[in-house]
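Small disclaimer: the values here were computed from a predicted structure and weren't measured. Every heavy atom of this structure was used, including side-chain atoms; hydrogens, water molecules and symmetry mates were not.
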Amino acid sequence: MKLQLKLMCAVFLMMAVVFARCAGKPAKKTPEAPYTVGVIDSANVGTTYLYLLDEDLQETDTLRCPYHGVGSFGSTPVQIEDGVLYVQLAGNTMKPNKCAVAAMNLQTGEWKEYSFDGGIIEDFRVNEHGIFAFSNRAEPSIEYCPFEERENVSLKLEAESPGLCISVDGYGVYFISEETADTEGYDAKEEKYVLCRADIKDGSQEKLLDVTEELAGSTLGYAQWHGGEMYIPHGDKLCVYNPHKNEMRQIGLPGKEACQVLIDQGRVYVVDCEVNSSETDIYCFCPETGEIEAAYHIAENTLQSYLRDGTFYMLQQEPVAKVLKYQLTEDGSCRKLSEAIIEAETDDDHRISDMFVK
């Protein structure tokens, strides 16, 4: 009898351990407290979590996401349009390379999935018209999902070898194509990079400009539109494309690895952070003159960052997952307002993938 009791206790204990592991963190489906920042703790198979933080970076809620493989791990910015968060949905180990974008209502926590036919989503952009996704399959295409009640549109690209990232302005989708050109000599080939545009509304496509000198090997992953121009970070320079003049100009930067462009209060900010660096530099530009008006230095590395009314939010992934908040002033000084270490799941299946600011 005692042996049976011990066996039953052992079984119940094992069940409790298994249940606790499956249940993971206590989580809700709907945010119950006001929040400002969200951090995505993504998983290939297990539960994906969203940690919600208030203005002081104090955790308010943990939400459970119904999808796996959510987030881009820095390669594609999380996007918010009309109170809805849009994030890449990469699939999981059971269903890898799913061609979809996941969307969450920031007020209700309700999730929705936008699926596209075939291929792998390399990049996507959202604006008031809908979702524009770049699928780099055997026949690269732009997949467009309008927010109006209309059918999706798929536009096969004519470019020789389109890049992995897009930038969208209105219905125009911009991308960089890598092409091979003949040069003098026997079987001599030369690579060149061409800025292209595809119009998802009328189906037109055109090559705009040879950008080999300015953007060789670059992407439009963190390009931003401001004042009718596209700002593209690339190495030690900021490239600015004017579609009306079809011209590209360059602005030299003090740093070596410009990785992101932010727009705030009519100013253009460039975030510079080298891979495996422990420091981040930020340069503030006047769009009219192209002059650096202020420069900021932060002794932390950043995976993603956002700027709201002079307040800089950044996500650090290594050596510890952390969200930091700084106040940037016009004289070039910056002051740390708060920081929060993210207590994420620690098993091999979980990784901090993205941050967003509501």
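No side-chain donor-acceptor contact under 3.5 Å links S115 to the backbone of A100. Between the side chain of Q317 and the backbone N or O of I352, at least one donor-acceptor pair lies under 3.5 Å. Using a distance-only test at 3.5 Å, with no hydrogens or angles considered, no donor-acceptor pair links the side chain of D82 to the main chain of E128. Without hydrogens or angle criteria, E122 side chain to C165 main chain gives no donor-acceptor distance under 3.5 Å. D123 contributes a side-chain N or O that, together with a main-chain N or O of I166, makes up a donor-acceptor pair within less than 3.5 Å. No side-chain donor-acceptor contact under 3.5 Å links D281 to the backbone of D272. A donor-acceptor contact shorter than 3.5 Å is absent between the side chain of Y35 and the backbone of K358.
For Q205, the side-chain hydrogen bond (donor to acceptor under 3.5 Å, both in side chains) test picks out no residue, with sequence neighbours left out.
By the 4.5 Å heavy-atom criterion applied to side chains, Y296 and F312 are not counted as neighbours. Looking at heavy atoms from C-beta onward, W111 lies out of side-chain contact with N105 at the 4.5 angstrom threshold. Residues F147 and I131 meet the side-chain proximity criterion, which asks for heavy atoms closer than 4.5 Å. Side chains of Y326 and S305 form no contact here, defined as non-hydrogen atoms less than 4.5 Å apart.
A donor atom on one side chain and an acceptor atom on the other are not found under 3.5 Å apart for N152 and E143. Side-chain atoms of Y231 and H226 form no donor-acceptor pair, as typed in the model, at a separation below 3.5 Å. Under the 3.5 Å distance criterion, with hydrogens and angles disregarded, a donor-acceptor pair is assigned to the side chains of Y51 and D41.
Transitive grouping of hydrophobic side chains (ILVMFWY, heavy atoms separated by less than 4.5 Å) brings L53 and Y49 into a common cluster.
Across all non-hydrogen atoms, the minimal contact from Y144 to R150 is OH-NH2, 4.1 Å. The shortest heavy-atom contact between N301 and M314 is O-CE, 3.2 Å.
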Distance-only donor-acceptor pairs under 3.5 Å for side chains of residues 208-216, two or more places apart:
residue: D210; atom: OD1; partner: T212; partner atom: N; Å: 2.9
residue: D210; atom: OD1; partner: T212; partner atom: OG1; Å: 2.6
residue: T212; atom: OG1; partner: Y193; partner atom: N; Å: 2.8

